[in-house]
Amino acid sequence: MRKIFLGKSNLKVSQLGLGCINFGSKTSESDSFELLDTYIENGGNFIDTANNYAVWAGGNGKQSEETIGKWISARKNRKDYILATKLGAYPKDINSRDFSNMQGLDSKTIKEEIEKSLNNLKTDYIDLLYLHVDDYKTPQEETMETLDEMIRKGFIREIGCSNFQTWRIESARNICEKNNYKFFSAVQQRYTYLQPVLDADFFPQVAADKSLGEYIEFYHDITMVSHTSLLKGQYLKDEITLKVYDTAENREKLQKLRAEEKNPVSWVLKYITEQFGGSVALFTTNSTKHLVENIKYFEE
């Protein structure tokens with residue numbers, strides 16, 4: 001499978017990443033193991049999870065990390081892949097599952113959640129740690145200083161951000177350059193072939209736009225990782241089902257895509273990886289058959 005470096009780091013990842021949001025919740029442990037095995041056996045090496053995913057599926061949030069941890073313990077192949085997780089969006093009160101009380105990015109939380117993720121994942125280090133959502137209440141200097149400390153101690157190798165506005169990424173860059181901290185090597189945003197209307201609100205998600213693409217291409221040291229790439233089956237439908245994507249231009253693009261491409265899903269994933277000087281598209285599925293079909297599009 002085609003691989004690229006994340007920014008200027010030494011992490012070389014598959015351009016089709018395996019999204020593990022449903023592992024241990026909507027996807028059973030046995031099916032999760034099968035998907036992970038199939039992905040690795042077919043040349044994939046970029047596994048994406050978070051410390052809070054199952055919260056949205058009614059669980060305690062840790063199921064995805066814990067399921068991957070059990071797989072890691074069983075397979076004993078830790079050096080064969082790049083493992084990414086996230087922190088910052090876990091609810092302070094598990095009984096409140098909206099985004100009104102996210103844990104944030106203060107120093108204490110970062111250190112505690114890294115330790116929990118390491119335990120869940122049954123690993124000594126995290127290859128890529130994302131800040132899952134931005135935190136405007138905590139000084140950004142505190143966040144970046146703590147991340148640098150965790151890197152120096154060997155708990156994480158690289159850092160990334162997710163759902164950040166471009167100006168906040170630039171602010172973090174300035175802090176890192178001033179203090180000689182390691183900067184983000186990846187930014188994970190909502191991105192796909194169809195573009196949302198200008199006033200679309202995905203809170204707390206941030207949809208990548210032209211300004212972010214120009215920012216990435218200007219610096220060449222941060223790689224785009226796309227989530228929600230397939231819009232929950234949109235490219236298998238003749239009509240646009242999401243109001244925020246329902247524009248005349250998008251209707252025309254979808255109609256043309258479905259008329260011309262035998263496998264519109266794989267085409268969209270490949271299209272995403274060709275943007276911003278080379279990107280990564282995350283693929284989430286419960287089917288090993290669908291996983292293998294899409295991996296074929298990314299063979300070197």
Can you check whether [X] reaches [Y] side chain to side chain, under 4.5 Å on heavy atoms?
{"X": "S229", "Y": "L269", "result": "yes"}
{"X": "V265", "Y": "L230", "result": "yes"}
{"X": "I126", "Y": "R157", "result": "no"}
{"X": "M144", "Y": "F184", "result": "yes"}
{"X": "V225", "Y": "L282", "result": "yes"}
{"X": "Q205", "Y": "T228", "result": "yes"}

>> E252 vs K256, test: salt bridge (charged side-chain N to carboxylate O under 4.0 Å, His left out). Steps then yes/no.
In response: CA-CA 6 Å; E252 182 178 342; K256 185 173 186 294; over 6 Å; no
Would you check if the side chain of [X] reaches a backbone N or O of [Y] as a donor-acceptor pair within less than 3.5 Å?
{"X": "K122", "Y": "W71", "value": "no"}
{"X": "Q275", "Y": "Y271", "value": "yes"}
{"X": "D209", "Y": "L212", "value": "yes"}
{"X": "N101", "Y": "P91", "value": "no"}
{"X": "S14", "Y": "L16", "value": "no"}
{"X": "T273", "Y": "K270", "value": "yes"}
{"X": "R78", "Y": "S73", "value": "no"}
{"X": "Q63", "Y": "S25", "value": "no"}
{"X": "T38", "Y": "L35", "value": "no"}
{"X": "H227", "Y": "R190", "value": "yes"}

> Is the distance between the ring centroids of W267 and Y193 less than 6.0 Å?
Replying inline: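 Between W267 and Y193, the centre distance is under 6.0 Å.
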> Ring centroid separation for Y39 and Y81, is it under 6.0 angstrom?
Replying inline: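 No; Y81 has its ring centre 6.0 Å or more from that of Y39.
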> So, are K182 and D148 salt-bridged, with charged N and O less than 4.0 Å apart?
Replying inline: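 Salt bridge absent between K182 and D148.
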> Hey, are K62 and E113 close enough for a salt bridge, meaning a charged N less than 4.0 Å from a carboxylate O?
Replying inline: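 E113 and K62: salt-bridged.
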>> Set out, in order, the CA-CA distance, both residues' side-chain angles and the distance that settles salt bridge (charged side-chain N to carboxylate O under 4.0 Å, His left out) for D37 and R75, then state yes or no.
In response: CA-CA 9 Å; D37 288 338; R75 298 298 184 263; 2.8 Å; yes
Residue [X] excluded, over 12 heavy atoms near [atom1] under 6.0 Å:
{"X": "E115", "atom1": "CD", "answer": "no"}
{"X": "Y136", "atom1": "OH", "answer": "yes"}
{"X": "N10", "atom1": "CG", "answer": "no"}

> How many angstroms lie between atom CE of M224 and atom CD of E217, to the nearest 0.5 angstrom?
Replying inline: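 One finds 11.5 Å between CE of M224 and CD of E217.
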>> Could you report the tightest heavy-atom contact between L257 and Y235, atom names first, then the distance?
In response: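 Where L257 meets Y235 most closely, the heavy atoms are CD2-CD2, 3.6 Å.
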